[in-house]
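This report concerns only the one structure given below.
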Amino acid sequence: MSATKIDSVVAIRQFTLAVFYNASTEAWQFRILSPGGEVFGLNKIYFSPEAALKAGLEWIGTGS
């Protein structure tokens with residue numbers, strides 16, 4: 001069983017963005033929870049929590 005470390009959880013508009021470290025991939029990822037309960041995200045990996053957060057914000061449409 002691999003461990004997962006949550007770095008941040010952000011509520012934006014009606015979405016919840018979670019940034020986490022996945023020990024099995026040894027990289028950072030993000031997932032987005034919609035108001036209806038669906039989970040969105042890709043299996044892309046990021047090398048810092050800031051990069052994963054930026055990608056998640058861009059996914060939602062609030063990134064720069």
Completion exercise
Correct closest heavy-atom pair for Ala52 and Trp28 would be CB-CB, 4.1 Å
Handout entry: side-chain hydrogen bond (donor to acceptor under 3.5 Å, both in side chains) partners for Glu38, two or more places apart
Key = Ser34
Side-chain polar contacts of residues 7-15 - donor-acceptor pairs under 3.5 angstrom, sequence neighbours left out - could you list them?
none

Completion exercise
Members sharing Phe47's hydrophobic cluster, built from side-chain contacts under 4.5 Å between Ile, Leu, Val, Met, Phe, Trp and Tyr, are Ile45
Completion exercise
When rounded to the nearest 0.5 Å, the distance separating OH of Tyr21 from CD of Glu26 is 5.0 Å
Exercise for the section: List for me each residue that meets ring pair (Phe, Tyr, Trp, His ring centres under 6.0 Å) alongside Phe20, sequence neighbours excluded, and say none if there are none. Expected result: none
Exercise for the section: State plainly whether one hydrophobic cluster holds both Leu53 and Leu33, where clusters connect Ile, Leu, Val, Met, Phe, Trp and Tyr through side-chain heavy atoms under 4.5 angstrom apart. Expected result: no
Problem - Side-chain heavy atoms of Trp59 within contact of Leu42, under 4.5 Å - result: yes
Handout entry: Exercise: identify the closest heavy-atom pair between Arg31 and Gly41
Key = CD-CA, 4.1 Å
